[in-house]
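Lettering follows sequence order; numbering is per chain, from 1.
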Amino acid sequence: MNMNRQDGIVIEVPKEFNFQQNMNYMSRSSNECMFEIRDNTIIKAISVSDKDYLIEVSEAADGNLLLRFLGDAQIENENAYDDVIRYVRDWFDLDRDLKPFYDMAQKDPLLQTAVVEFYGLRNIGIPDLFEAVAWGIIGQQINLTYAYTLKKRFVETYGRSMEWDGHRYWIFPEAKDIAKLTVEELSSIKTTTKKCEYLIKVAELLEKGELSKPLIKSSGSIKEAEKRLTSIRGIGPWTANYVLMRCLRFPDAFPIDDVGLHNAIKHLTGSERKPTKEEILKLAAPWENWEAYATFYLWRYLY
DNA sequence: GGCCAGGTGGCCA
DNA sequence: TGGCCACATGGC
């Protein structure tokens with residue numbers, strides 16, 4: 001492995017990977033505050049093993065990913081490299097074999113065009129559980145543009161940041177800091193009282209260790225994982241499946257109540273109305289165990 | 001100005 | 001279980 005800090009570290013990608021497709025997805029909102037797209041590279045502040053790093057991910061000449069450390073992050077040992085590489089592999093879902101998905105999808109009426117048009121797109125994840133849940137709660141029942149505005153307010157009020165080359169890069173607020181807040185304090189970001197309650201409660205559960213990635217992963221099935229999440233106030237079936245899909249990486253996570261999914265299906269089928277739940281279940285039957293990727297690809301039709 | 005947002009909890013039958 | 005309804009405000 002190339003460990004030269006100056007040249008960057010090459011992270012090998014699977015065959016079913018296309019840098020530009022993932023960039024296109026990540027460029028979907030100009031109001032995204034958790035990373036920056038600049039000169040066809042992604043720059044992001046991350047917290048891994050209790051250390052903050054500023055990283056740049058770009059495309060290497062051979063099509064692999066190139067990881068560079070920016071700023072004055074102290075790389076103390078080889079383990080730190082491994083931690084960050086693992087983070088990036090998880091973030092881009094590089095260790096999943098998409099061939100079975102593509103084999104299935106090219107025969108599927110709803111997906112066959114999508115997998116050609118977006119070939120090489122990965123389910124870009126939200127590795128931090130608190131961020132994934134909070135983003136889900138914040139985004140409930142509001143338009144995506146406004147959701148990005150609220151997230152930005154939340155992050156810039158309660159997160160910490162690193163500055164580099166005249167830009168500021170944010171790390172998502174930590175659960176332990178949000179758990180201390182009152183609803184009144186948190187409502188300064190101007191979201192609903194209920195969402196403030198939910199966010200603080202989730203932060204408390206994470207802080208107490210009553211909610212964690214290993215705990216959810218240890219669930220016997222997706223149904224149990226979903227149940228564990230929906231037992232928490234503010235997390236319904238949509239949020240639970242969203243989190244299982246973007247953070248826990250359950251391939252069969254399926255946010256079937258998602259209005260974006262409904263609109264994508266409406267668009268692709270040329271229907272005048274949104275599909276019913278029964279119609280979606282029927283359309284999605286062939287997607288078994290690939291519902292998360294199917295949903296992720298169909299979302300690409302919305303921007 | 002009015003409808004719609006990457007929903008959820010609570011109440012009711 | 002399944003059907004309503006309040007929530008609560010911005011985007012377009």
**Student:** Round to a whole Å and report the spacing from CH2 of A/W238 to P of B/dG7.
**Tutor:**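 Distance check: A/W238 CH2 to B/dG7 P gives 6 Å.
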
**Student:** Both distances under 3.5 Å, Watson-Crick or G-U wobble: report the partner of B/dC11, or none.
**Tutor:**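 Base partner found: C/dG3.
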
**Student:** Under a 3.5 Å cut-off for both distances, is C/dT9 Watson-Crick or wobble paired, and to whom?
**Tutor:**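 Result: B/dA5.
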
**Student:** Can you find a side chain N or O atom of A/T145 that sits less than 4.0 Å from OP1 or OP2 on B/dA5?
**Tutor:**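 Answer is no, no contact under 4.0 Å.
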
**Student:** Given atom CZ of A/R233 and atom P of B/dC11, what is their separation to the nearest angstrom?
**Tutor:**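 Value for this atom pair: 10 Å.
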
**Student:** Is there a path of hydrophobic side-chain contacts, each under 4.5 Å between heavy atoms, that joins A/Y119 and A/L268?
**Tutor:**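 They do share one cluster, since a chain of ILVMFWY contacts under 4.5 Å joins A/Y119 to A/L268.
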
**Student:** Between C/dA8 atom P and A/Y198 atom OH, what is the distance in whole Å?
**Tutor:**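 Distance, rounded to whole Å: 10 Å.
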
**Student:** Start at the 5' end of DNA chain B and walk down; is the nucleotide closest to A/T239 or to A/I142 reached first?
**Tutor:**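 Looking at DNA chain B, the more 5' nearest nucleotide goes with A/I142.
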
**Student:** How far does NE2 of A/H267 sit from CG of A/N263, to the nearest 0.5 angstrom?
**Tutor:**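 Rounded to the nearest 0.5 Å, the NE2-CG separation comes to 10.5 Å.
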
**Student:** Contact class for A/P237 vs. all strands (heavy atom < 4.0 Å): base, sugar-phosphate, or nothing?
**Tutor:**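 Sugar-phosphate contact only.
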
**Student:** What do the steps show when you test A/D252 against A/W287 for side-chain hydrogen bond (donor to acceptor under 3.5 Å, both in side chains), and what is the final call?
**Tutor:** CA-CA 9 Å; A/D252 47 350; A/W287 307 348; over 6 Å; no

**Student:** Does A/R28 qualify as a cation-pi partner of A/Y25, given the criterion of NZ or CZ under 6.0 Å from the six-membered ring centre and within 45 degrees of its axis?
**Tutor:**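 Judged by the rule (NZ or CZ under 6.0 Å from the ring centre, within 45° of its axis), A/R28 counts as positioned above A/Y25.
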
**Student:** A/I235 near the nucleic acid: base, sugar-phosphate alone, or nothing, with a heavy-atom cut-off under 4.0 Å?
**Tutor:**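 The answer is sugar-phosphate, as A/I235 gets under 4.0 Å only of primed atoms, P, OP1 or OP2.
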
**Student:** Provide, to the nearest angstrom, the distance between the CG atom belonging to A/L229 and the P atom belonging to B/dT8.
**Tutor:**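 For the pair A/L229 CG and B/dT8 P, the rounded distance is 11 Å.
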
**Student:** Relative to the 5' end of DNA chain B, which residue comes earlier, A/N143 or A/G236, by the nucleotide with the nearest heavy atom?
**Tutor:**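 The 5'-side residue here is A/N143.
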
**Student:** Send over the distance from A/L150 CG to C/dG11 C1', rounded to a whole Å.
**Tutor:**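 Taking atom C1' of C/dG11 as the reference, CG of A/L150 is at 12 Å.
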
**Student:** Give me the distance, rounded to whole Å, that separates B/dC3 from C/dA6 when you measure between the P atoms they each carry.
**Tutor:**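 The answer is 15 Å between these two P atoms.
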
**Student:** Please determine whether a side-chain nitrogen or oxygen atom of A/K274 lies at a distance below 4.0 Å from atom OP1 or OP2 of B/dA5.
**Tutor:**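 Yes, A/K274 has a side-chain N/O under 4.0 Å of OP1/OP2 on B/dA5.
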
**Student:** Quickly work out the A/I138 CD1 to C/dG10 C1' distance and round it to whole Å.
**Tutor:**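 A/I138 atom CD1 is separated from C/dG10 atom C1' by 15 Å.
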
**Student:** At under 4.0 Å between heavy atoms, what does A/T193 touch on the DNA or RNA strands: base, sugar-phosphate, or nothing?
**Tutor:**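 Sugar-phosphate contact only - A/T193 comes under 4.0 Å of backbone atoms but never of a base.
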
**Student:** To the nearest Å, how far apart are A/Q140 CD and C/dC5 P?
**Tutor:**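 Interatomic distance, CD of A/Q140 to P of C/dC5: 21 Å.
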
**Student:** Check the side chains of A/S58 and A/N40 for a donor-acceptor pair under 3.5 angstrom, ignoring hydrogens and angles.
**Tutor:**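 No pair is found: no donor N or O on one side chain lies under 3.5 Å from an acceptor on the other.
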
**Student:** Rounded to whole Å, how long is the line connecting atom NZ of A/K195 with atom C1' of C/dA6?
**Tutor:**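 The distance from NZ of A/K195 to C1' of C/dA6 comes to 14 Å, rounded to the nearest Å.
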
**Student:** Both A/T149 and A/Q141 contact DNA chain C. Which one's nearest nucleotide lies toward the 5' end?
**Tutor:**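 Mapping each residue to its closest nucleotide by heavy atoms, the 5'-most match is A/Q141.
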
**Student:** Between A/C247 and A/A132, what is the shortest heavy-atom contact and its length?
**Tutor:**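 Heavy atoms only, the tightest pair is CB-CB, 3.7 Å.
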
**Student:** Using a 4.0 Å heavy-atom cut-off across all strands, classify A/I232 as base, sugar-phosphate, or nothing.
**Tutor:**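 Result for A/I232 = sugar-phosphate.
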
**Student:** Any base atoms under 4.0 Å from A/K277, or only sugar-phosphate, or nothing? Heavy atoms, all strands.
**Tutor:**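 Counting heavy atoms under 4.0 Å across all strands, no contact is made by A/K277.
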
